[in-house]
Amino acid sequence: MSRTYMYVDGENHYALTEKSFQDNLGMQVDMKKLVARNGRRMAHYPAAKFFWESTSLFHHLESILWPERSVYFTSFCGTPDKLHEAKRFIREWEFEPHIVHEEKDFAKQRAGLLKQNGLITKAKGVDIALTVRMLEDAPHYDLCILVTSDIDYMPAIQAI
């Protein structure tokens with residue numbers, strides 16, 4: 001039986017999910033007000049840029065591909081208590097959280113760039129942490145799923 005690990009570039013996934021909702025619905029969608037509909041399992045924790053909708057990505061492959069380990073990489077700016085709460089929430093969705101702490105001013109600057117220019121910039125350390133983890137874990141999995149649209153991961157993918 002093959003071992004499957006999944007790594008989610010949460011920063012990228014969150015921003016593109018927001019954009020996809022906006023493009024498909026033809027209107028602005030406030031991710032902070034997003035709710036589950038039609039009985040779908042949906043999780044959302046805006047402060048940690050966590051979004052997961054479990055019926056879309058693997059529902060038809062779940063029995064053969066569901067990952068043995070899933071890690072969600074993101075950033076967070078807030079108090080230690082709120083950080084602990086965010087990690088607990090992400091674990092409830094069967095992800096191991098890897099959260100890079102980010103200064104509040106930088107988080108606001110990144111949000112402004114996304115809103116004004118559609119430019120996705122990530123907290124320092126998220127991409128590198130994900131890449132290092134994928135490479136370190138490579139001997140332990142047979143199949144690696146990377147959820148991102150960031151071409152910067154191509155050298156890591158080729159190395160694996």
Side-chain angles (χ1 to χ4, degrees), residues 1-24 29 31-32 34-78 82-102 107 110-111 114 118-160:
M1 179 153 190
S2 67
R3 295 164 299 169
T4 303
Y5 284 22
M6 178 170 63
Y7 303 89
V8 179
D9 178 353
E11 300 270 308
N12 183 274
H13 177 65
Y14 190 87
L16 291 176
T17 298
E18 185 173 35
K19 184 178 180 335
S20 176
F21 272 102
Q22 291 169 0
D23 291 348
N24 290 322
V29 174
M31 289 289 280
K32 294 176 184 169
L34 190 64
V35 294
R37 292 202 167 97
N38 303 323
R40 300 169 94 182
R41 286 191 68 211
M42 191 178 296
H44 183 237
Y45 199 96
K49 291 168 230 56
F50 179 79
F51 177 84
W52 196 254
E53 198 273 308
S54 65
T55 60
S56 63
L57 191 56
F58 296 107
H59 76 280
H60 61 289
L61 299 173
E62 197 169 302
S63 61
I64 57 171
L65 277 185
W66 194 252
E68 184 177 311
R69 172 169 284 159
S70 301
V71 188
Y72 196 95
F73 289 78
T74 190
S75 65
F76 181 85
C77 83
K82 293 292 184 185
L83 176 60
H84 176 74
E85 183 180 300
K87 286 181 177 181
R88 192 183 79 240
F89 184 87
I90 292 170
R91 280 189 195 101
E92 287 173 8
W93 279 83
E94 300 177 10
F95 283 93
E96 177 186 326
H98 185 105
I99 300 176
V100 173
H101 188 264
E102 179 178 39
R110 287 188 323 111
L114 177 60
L119 182 64
I120 299 171
T121 58
K122 299 180 196 176
K124 298 292 181 193
V126 172
D127 288 359
I128 295 299
L130 192 157
T131 300
V132 168
R133 180 67 183 273
M134 274 188 354
L135 290 167
E136 287 177 344
D137 288 350
H140 306 290
Y141 56 73
D142 302 305
L143 177 64
C144 175
I145 299 167
L146 174 61
V147 180
T148 189
S149 67
D150 191 338
I151 195 72
D152 289 345
Y153 289 106
M154 194 52 72
I157 292 166
Q158 291 169 339
I160 291 168

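These numbers come from the heavy atoms of this one structure, side chains and all, not from hydrogens, waters or symmetry mates.
- Summarising the geometry, atom NE2 belonging to His13 is positioned 5.0 Å from atom CH2 belonging to Trp52; distances are rounded to the nearest 0.5 Å.
- The backbone N or O of Ala48 sits less than 3.5 Å from a side-chain atom of Thr74, completing a donor-acceptor pair.
- Atom-to-atom distance recorded for Lys49:NZ and Phe73:CZ is 15.0 Å, nearest 0.5 angstrom.
- In this structure, CD in Glu92 is found 15.0 Å from NZ in Lys87, a value given to the nearest 0.5 Å.
- Remark: Phe89 CZ to Tyr45 OH distance equals 8.0 Å, nearest 0.5 Å.
- Inter-residue side-chain proximity for Met134 and Tyr5 is flagged as unmet; no heavy-atom pair is nearer than 4.5 Å.
- Separation of atoms OH (Tyr153) and CD (Gln158) is listed at 15.0 Å; rounding is to 0.5 Å.
- Smallest separation of non-hydrogen atoms from Ser2 and Asp142: CA-OD2, 3.2 Å.
- Taking a 6.0 Å sphere around CD1 of Ile128, one finds it holds 12 or fewer heavy atoms contributed by other residues, nucleotides or ligands.
- If you take CD1 on Ile157 and CD1 on Ile151, they are separated by 7.5 Å, rounding to the nearest 0.5 Å.
- Using a 4.5 Å heavy-atom cutoff, the side chains of Tyr141 and Arg69 are not in contact.
- Using a 4.5 Å heavy-atom threshold, the side chains of Val126 and Asn12 count as separate.
- Considering every non-hydrogen atom in both Thr131 and Ala156, the closest pair reads CG2-CB, 3.5 Å.
- For Tyr7, there are no ring pair (Phe, Tyr, Trp, His ring centres under 6.0 Å) partners two or more places apart in sequence or in a different chain.
- Put simply, the side chain of Leu130 does not reach to within 4.5 Å of the side chain of Thr148, judged on heavy atoms.
- Among all heavy-atom pairs drawn from Tyr14 and Phe50, the shortest one is CD1-N, 3.8 Å.
- The side-chain heavy atoms of Phe76 and Lys82, taken from C-beta on, include a pair separated by under 4.5 Å.
- Arg3 places a side-chain N or O within donor-acceptor distance of the main-chain N or O of His140, the cut-off being under 3.5 Å.
- Evaluation of the salt bridge (Lys or Arg N to Asp or Glu O under 4.0 Å) rule for Asp137 yields Arg133 as partners, not counting sequence neighbours.
- Counted by atom type alone, Ser70 and Glu94 present zero donor-acceptor pairs between their side chains at under 3.5 Å.
- Closest approach of Leu135 to Ala159, counting heavy atoms only: CD2-CB, 4.2 Å.
- Nearest approach of Cys77 to His101, heavy atoms of both residues: CA-NE2, 4.4 Å.
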